[in-house]
Structure formats: structure tokens, C-alpha cells
Amino acid sequence: MSSPESLQIPADLLPRDGRFGSGPSKVRAAQVEALARDARDFLGTSHRQATVRSKVGEIRDGLTSLFSLPEGYEVLLGNGGSTCFWDAASFHLVQRKSEHLSFGEFSSKFAAVTAAAPHLEDPVVISSEPGRHPLVEARDDVDAYALTHNETSTGVMMPITRPAGDGLVLVDATSGAGALPVDPRQFDCYYFAPQKSFASDGGLWLALCSPAAVERIEAIAASGRWTPAFFDLKVALDNSRLNQTYNTPALATLHLLASQITWFNENGGLSFSAGRSARSAEILYAWADASDFARPFVENPEMRSAVVGTIDFAPEVDASVVASVLRRHGVLDTEPYRKLGRNQLRIAMFPAVDPEDVAALCASINWVVGNL
Ligand SMILES: *Cc1c(COP(=O)(O)O)cnc(C)c1O
């Protein structure tokens with residue numbers, strides 16, 4: 001038995017890369033090297049000129065092919081991240097009333113946005129306890145369904161399936177996009193930010209929009225609904241079609257993002273990227289199932305996220321002590337989501353994370369618990 005401060009995890013057990021955070025998340029060295037190589041002609045140059053615009057075009061084309069978007073779908077982007085996109089969606093994607101599946105911190109936040117919007121009716125909010133997800137209810141009185149592909153705060157994923165009727169399906173895929181399989185015919189707007197599966201930095205949003213979503217944006221804009229320009233999806237649509245953003249984007253973010261999309265596409269696309277996360281998840285949950293001190297927080301195996309794993313610890317093992325020992329060894333950000341308040345670790349398994357490093361992490365945790 002040793003004190004946590006004196007524990008030294010054997011070097012050969014440790015993951016080669018210790019970044020397991022749920023966002024910002026691991027950026028691969030090859031992405032950083034590619035940025036450094038292009039830096040002199042790219043960083044510090046105008047986002048209205050060909051060099052940067054062609055990078056934005058590469059991102060839009062790359063996402064179209066990664067997600068096999070059907071004819072007519074468009075890739076929009078703008079500044080402000082996914083949180084900003086909720087505000088934008090409340091202006092230009094919800095016509096009158098939305099339905100929200102609320103099962104954690106992020107999904108509840110979008111519901112709060114539409115509930116507070118004076119130009120919208122009160123939303124229908126279907127909630128479930130953390131650790132599971134509710135089911136969508138098709139309704140005639142809503143014109144948009146707000147789903148979340150992966151609830152990052154609790155480690156719950158849900159399949160994306162279009163309900164009957166013609167409400168738009170708006171999916172927060174901030175942590176799911178690129179790491180989970182999805183059929184684009186099941187959504188109208190699949191939005192995310194690049195600091196998770198796309199191994200880039202925050203501050204940008206991207207939205208894959210169906211023709212029906214584009215039509216809704218144009219119709220609401222034409223109706224004259226007042227919208228702050230920063231949240232105006234018609235402005236974003238017009239700029240995106242020119243491979244630009246309304247205001248200045250972070251150029252390094254665009255470059256890192258483009259590299260990751262290319263890496264996915266060159267290696268087989270979404271089946272490659274989602275396959276890496278699925279492999280990592282298999283390793284993590286098999287370890288937790290076999291462990292006598294750890295178990296998956298999410299009871300239903302179908303709801304257990306393949307991209308963000310939440311693992312509860314037995315009361316006699318303090319997960320925060322384990323996280324701090326790991327942190328001292330450069331194994332970072334395994335702490336649980338702050339507001340969930342459980343004795344658990346949360347481990348991101350984005351495609352950039354090497355499945356072998358997840359196995360090494362499990363071995364390291366076993367060693368720490370065995371030696372505490
Ligand atoms: C991280 C995250 C967000 C917030 O993203 P920002 O880019 O920080 O605004 C929203 N939804 C989900 C599901 C997330 O994982």
C-alpha cells in the first residue's frame with residue numbers, strides 16, 4: 001500500500017499518448033506537422049483569398065464525401081462553436097415549436113435556448129435520467145426535433161432515426177460526428193464543432209444541411225424574422241457557398257480540421273474513423289465488465305457510447321485520486337463531467353485516440369488501483 005503521491009506507474013504500461021479528454025481532445029502529431037509545413041503561406045494570410053478559401057472548400061468537400069451526403073445537402077460553417085449554433089438554430093431552423101430529447105448537460109442546454117426565445121412557443125421537452133436516453137415522439141404540433149447523437153456529459157449515444165412527419169431533424173453531433181455511423185437521410189441538420197472527433201480546436205461550428213433545412217433557413221429569412229447577424233444562418237449559408245465565414249475564422253483550426261478529414265477519407269472514410277472508436281470502446285467496456293472495482297455507468301449496452309466512456313468506480317476506490325495519479329504521469333483529462341458528480345472516470349475515444357492506448361490506460365488504472 002502506498003500513498004498516491006509516491007506511486008510511479010511503470011513506463012511500459014503507460015499509453016504512448018496520454019490525451020483522453022472529451023474536448024478539446026487529442027490532436028495527432030501529423031496534423032501539427034502539416035500545419036507547421038504550410039505555416040508561411042497559410043497562417044497570417046487573408047481568409048478572403050484563395051489559399052484559405054480553398055482550405056474551406058477542401059473541408060466542405062471532404063465532409064460531403066466522409067458522410068456520403070446525398071445530392072442537395074450543403075455544408076455550412078461559422079464562428080462560435082456548437083453553443084452558438086443552438087442560438088442560430090433557434091432563429092432559422094425552428095419555425096414555431098421544437099421537441100427536445102433531454103438527457104444530459106448539452107441536450108438540456110439547447111432546450112433552454114428555445115424555451116427562452118420570445119419568438120418561439122414553449123418546446124416539448126422529453127427527459128430521462130442521466131445514463132440513458134428518452135425516445136422521440138412524432139407530433140403534429142412541432143416543426144423541429146432536437147436530438148443528440150452522443151451526450152458527452154454522460155456517455156450515452158442514441159441512433160439517429162427520422163420520426164414520421166415532416167419536422168426537421170436537428171442533431172447535435174458535436175462529439176458523435178466522425179466517430180459514430182450515421183445515415184444522412186435520417187437528419188436535416190447534423191452540426192458539430194471540430195475540437196472533438198475532428199482533432200482540431202474549438203470556436204467553429206459546422207452543419208450538414210439537407211435541402212429541407214436550407215429551404216427552412218431561406219423561408220424564415222424571407223419572412224423577415226429579426227435575427228442578430230452573427231446568428232443568421234442565411235448569412236452563414238451565403239458565405240459558406242463562397243467558402244467563407246461571416247467574420248474571421250481561426251486559420252489553424254481550419255488547417256488541423258482539414259488534415260483530420262483527409263486522414264479519415266484516405267483510410268476508408270467513416271467506417272475507418274468510427275471503426276477506431278468502436279474498437280477502443282470494445283476494449284474499455286470489456287475491461288470494465290471484467291473488473292472487480294469498475295463498471296460501465298450506462299447500464300444498457302446499446303446506449304453505451306462508443307466515443308465517450310463513463311466508468312463508475314466502487315466506493316472504496318476514489319476515482320479522483322486515480323485521475324490525479326494518471327495526470328501526474330501525463331495521462332490527462334480522465335476526470336468525470338463536473339456536474340454529474342459521480343465517482344467515475346470519463347474517457348474519450350475519438351478516432352485520433354489509438355485503441356492500443358486505451359488498452360494501456362486500462363492496464364495503468366489496474367496498476368494504480370492495485371498499488372493504492
Ligand atoms: C462539446 C459539446 C457542445 C459544446 O460545444 P462548443 O463548441 O464548446 O460550444 C455541445 N454539444 C455536445 C454534445 C458537446 O459534446
Side-chain angles (χ1 to χ4, degrees), residues 19-27 59 76-90 93 98 100-114 125 127-128 130-134 145-160 169-180 182 187 189-208 230-231 233 236 245 249-250 252-254 256-257 260 274 277 281 298 303-310 333 335-340 346-353:
R19 289 172 289 181
F20 294 99
S22 297
S25 63
K26 178 183 172 186
V27 179
I59 290 166
L76 275 57
L77 73 169
N79 284 311
S82 293
T83 302
C84 173
F85 193 80
W86 291 325
D87 289 316
S90 77
L93 287 168
S98 48
H100 298 254
L101 297 196
S102 174
F103 54 108
E105 178 70 9
F106 293 109
S107 45
S108 70
K109 275 184 164 165
F110 186 22
V113 167
T114 56
V125 181
S127 306
S128 64
R132 42 183 302 106
H133 68 75
Y145 295 92
L147 313 183
T148 302
H149 206 175
N150 184 70
E151 181 42 88
T152 321
S153 62
T154 58
V156 171
M157 65 178 181
M158 64 173 289
I160 299 305
V169 178
L170 316 178
V171 184
D172 179 353
T174 308
S175 58
L180 301 178
V182 71
F187 63 70
C189 179
Y190 191 75
Y191 60 92
F192 51 94
Q195 72 274 21
K196 302 192 184 184
S197 285
F198 290 94
S200 181
D201 253 327
L204 190 74
W205 58 259
L206 298 118
L208 318 179
F230 193 67
F231 302 119
L233 291 179
T245 45
T253 301
L254 294 173
L256 295 170
L257 167 60
Q260 188 72 344
S277 293
V298 178
M303 295 188 187
R304 266 174 213 164
S305 172
V307 55
V308 174
T310 43
D333 304 332
E335 290 82 3
Y337 190 73
R338 59 203 148 87
K339 290 189 199 156
L340 199 56
R346 182 175 61 150
I347 292 146
M349 304 170 286
F350 294 118
V353 171

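No hydrogens, no waters, no symmetry mates; every other heavy atom, side chains included, goes into these values. All ligand and atom numbering here is 1-based and tracks the order in the structure.
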Checking heavy-atom distances from atom 5 (O) of ligand 1 to each of Ser153, Ser82, Ser107, the winner is Ser82
In this structure, CG of Leu208 is separated from CZ of Phe187 (nearest 0.5 Å) by 5.0 Å
Among all protein non-hydrogen atoms, which one is nearest to [atom], and what is the separation to 0.1 Å?
atom: atom 11 (N) of ligand 1; value: Asp172 OD2, 2.7 Å
atom: atom 15 (O) of ligand 1; value: Thr152 OG1, 2.4 Å
atom: atom 9 (O) of ligand 1; value: Thr83 OG1, 2.5 Å
atom: atom 10 (C) of ligand 1; value: Phe106 CD2, 3.4 Å

Proximal atoms of ligand 1 relative to [X] (non-hydrogen, under 4.0 Å):
X: Ser175; answer: 15 (O)
X: Asn150; answer: 13 (C)
X: Ala193; answer: 7 (O)

Under a heavy-atom criterion of less than 4.0 Å, does [X] contact ligand 1?
X: Gln195; result: yes
X: Phe192; result: no
X: Leu204; result: no
X: Lys196; result: yes

Give the C-alpha distance, both sets of side-chain angles, the deciding distance and a yes or no for side chain to side chain contact (heavy atoms under 4.5 Å, CB included) between Tyr145 and Leu101.
CA-CA 8 Å; Tyr145 295 92; Leu101 297 196; over 6 Å; no
Checking heavy atoms under 4.0 Å, the part of Trp86 that sits near ligand 1 is side chain
Closest heavy-atom pair, Phe106 versus Thr152, reported as atoms and distance to 0.1 Å, is CE1-CB, 3.7 Å
Minimal heavy-atom distance between Arg346 and Glu335, with the atoms involved, is CB-O, 3.7 Å
Can you check whether [Y]'s main-chain N or O pairs, donor with acceptor, with [X]'s side chain at less than 3.5 Å?
X: Lys26; Y: Ala352; value: yes
X: Glu151; Y: Ser107; value: yes
X: Ser175; Y: Asn150; value: yes
X: Ser90; Y: Asp87; value: yes
X: Ser25; Y: Gly21; value: no

